[in-house]
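Below is one structure, written out as structure tokens, with a few remarks after it.
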Amino acid sequence: MCGIVGYVGTRQATPLLVGGLRKLEYRGYDSAGVAVWNDGVTRVVRCRGKLANLEEKLLKEPAPGTTGIGHTRWATHGRPSDENAHPHRSGSITVVHNGIIENHLALRQELVAAGAKFTSETDTEIFAHLIDRAMTAGAADLTTAVRGVLARVHGAFAIVVLNEKDPTTMVAAKNSSPLVVGLGEGETFVASDVTAILAETRKVLFIEEGELVTVTAKGAVITDFEGRPRQREPKTITWSALQAEKGGFKHYMLKEIHEQPRSVADTLVGRIGAEQDDVSLDGVNLDVASIRRIIFVACGTSYHSSLVGEFLIESLARIPVEVDLASEFRYRDPIIGPGDLVVAISQSGETLDTMEAVREAKKKGAKILAISNVLESSIPRLADYAFYTHAGPEIGVASTKAFTTQLVALTLLAIHLGRRTKKLSSERARELLGELLQLPNKMRDVVESGAQLQAIARRYGHAEGFLFLGRGTQYPIALEGALKLKEISYIHAEGYAAGEMKHGPIALIDEDLPVVVLAPRGTHYEKVISNLAEVRARQGKVIAVATRGDSNIGNSADDVILIPDSAPELQPILTVLPLQLLSYYVADFKGTDIDQPRNLAKSVTVE
Ligand code: M6R
């Protein structure tokens, strides 16, 4: 998730580009750069780190001119560095890109064989080389050249392309990643979202999937990738700047809940093999035969995803797994050594307890695999191997999209291991991967059911406590549901294994206690329904999360939230969504500070 901007007009481009990038920095800040055309030459100024570094550099290396493109980066392919910073260039072409190109390796090999010299590790650079070659080969214009290249590229992208030979025209295109055009008086803007251009114009064209747009100072011409015209009426944005930063959502947390289908799709990109029965882990080369045991270490929400990971790996790969809270692990002199693979999960990659657990495990000779959302953060750098989720920056303190992408990463890891231990057949792997690919659509379906959750939240928002119950892979989801509610609504909540209820928490149940029961279709269904009956018999109020088509559950619950059916291994990725929405709406109802709840920090870098 990067931020891109472009400007063509009569004003100086650099201040407008930098102003736009400042608004997009929430999308990533591993590096920033601009390319501005002046007097026949495109000057590229870019550097590692936040936008402030670029601004400083621009003081020493000004980039005057009235046409330009800019970028702020969230690293996915290639570490954060000056060389990997966008814009990328080949010949007369410069490009900025947001997204992931699935077939970039094959295209890169082909280009290298044809003599192209790459200067970065990014997937983006292939665009610059391919478009430059198309222009050199005699494409009629930049639009035609870009269109030809798009036909060869698979993946998610929004790009803006500048041609040194014709600064009056920029070309942008969108497939999955967001793109908007801003229309001014004798000037036109392009950006990842409206926040970047709102200070300059409120008249915008939202670019849709599979569209290419030719941008000049006079306006924009939209076509599809085949060149067929697309008509679009400009819209006038009435949002305030702050509303716009949150994509029109009231809070970052709600925006991030809604971003999950996209983040999950991004986390899958390029990892499923051509036969669709195996997974590649981006160059992570585990010696699977030597793994005796896997130990997860993590904190908070990442600990909950580890608990799901335990189920997935034990069931699909039949490797023994243990899960430990990082803060406990590091102080209990754990018995580990060579043959153990320690998997450290951390969204931020900076959590001190997890980092120290990794150091302890390393000291004792274990191999470390980090699963993180932040490229080159401290924990992946300490680890022997790193595998990344592609959730994009998570701003709300309560983790949502990081969690579901961790579950996807763990499913990919379990399938990868299962194929190598030969405990997972090619057929079952293909089924699971097929279902994984369908998940984003199913997730979209669930996150759009906000109105129902809002009504439920209003009904139970006064409660003094909540209980969350689940079995099997739904037990960690019960823990996660309780954590979400606690941290943003300040209501006490317990997550419990449903079978444990009768060993204690059943004493809590009365008519004032809402009990959220995770009851999707599957092996534990009957047992969970019995637990649910036990709650109802004690006048507890039951909110059930069940599978669409379950006609029984309505008789045993006060409220039922239905989710689409899926393979049991993937159900947690769907059942957690209503729990995130429930806690969000309860907190909103109570009026708490949802994005920055009291006493909490996004990244806990102290003990
Ligand atoms: O960045 P990490 O995944 O290492 O963070 C771990 C926890 O601090 C984090 O998950 C925390 O529990 C969240 N606030 C949960 O929403």
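All residue numbers in this chain count up from 1 along the given sequence. Since the model is a prediction, treat every value here as computed from it, not as a measurement. Order of appearance sets the numbers: ligands from 1, and atoms from 1 within every ligand.
Scanning the protein for heavy atoms near atom 6 (C) of ligand 1, the closest one is Cys299 O, 3.4 Å. Protein heavy atom nearest atom 12 (O) of ligand 1, with residue, atom name and distance: Gly300 CA, 3.3 Å. The protein atom (non-hydrogen) at minimum distance from atom 1 (O) of ligand 1 is Ser348 OG, 2.7 Å. With hydrogens left out, the protein atom closest to atom 5 (O) of ligand 1 is Thr351 OG1, 3.4 Å, a heavy atom. Nearest to atom 10 (O) of ligand 1 among the protein's heavy atoms is Thr301 N, 3.0 Å. Looking only at protein heavy atoms, the nearest one to atom 8 (O) of ligand 1 is Val604 CG2, 4.0 Å.
Lys250 and Asp588 make their closest contact through NZ-OD1, 2.9 Å (heavy atoms, listed as atom of the first residue, atom of the second, distance).
Between Val397 and ligand 1 there is a heavy-atom distance shorter than 4.0 Å.
Residue-level proximity to ligand 1 for Lys484 is carried by the side chain, the only part with a heavy atom below 4.0 angstrom.
Residue-ligand proximity, Gln347 to ligand 1, at heavy-atom distances under 4.0 Å covers atoms 1 (O), 2 (P), 3 (O), 4 (O). Below 4.0 Å from some heavy atom of Glu487 lie the following atoms of ligand 1, by number and element: 13 (C), 14 (N), 15 (C), 16 (O). In the vicinity of Ala398, heavy-atom distances shorter than 4.0 Å reach the ligand 1 atoms 16 (O). For ligand 1, the atoms closer than 4.0 angstrom to any heavy atom of Ser302 are 2 (P), 3 (O), 10 (O).
Checking each of Asp282, Asp266, Asp278 against Arg271 for a salt bridge (charged side-chain N to carboxylate O under 4.0 Å, His left out) leaves exactly one that passes, namely Asp282. Residue Lys401 forms a side-chain hydrogen bond (donor to acceptor under 3.5 Å, both in side chains) with just one option from Glu259, Gln260, Gln406, and that option is Glu259.
A centroid separation of less than 6.0 Å is found between the aromatic rings of Phe589 and His462. In this structure, His251 has its ring center closer than 6.0 angstrom to the ring center of Tyr584.
Two residues are said to be in side-chain contact when any heavy atoms from C-beta on lie closer than 4.5 Å; Arg293 and Leu341 fail this criterion.
In this pair, Phe466 and Tyr460 present their aromatic rings perpendicular. The plane angle is above 60°, beyond the 30 to 60° band.
Other residues, nucleotides and ligands contribute only 12 or fewer heavy atoms inside 6.0 Å of the NZ atom of Lys367.
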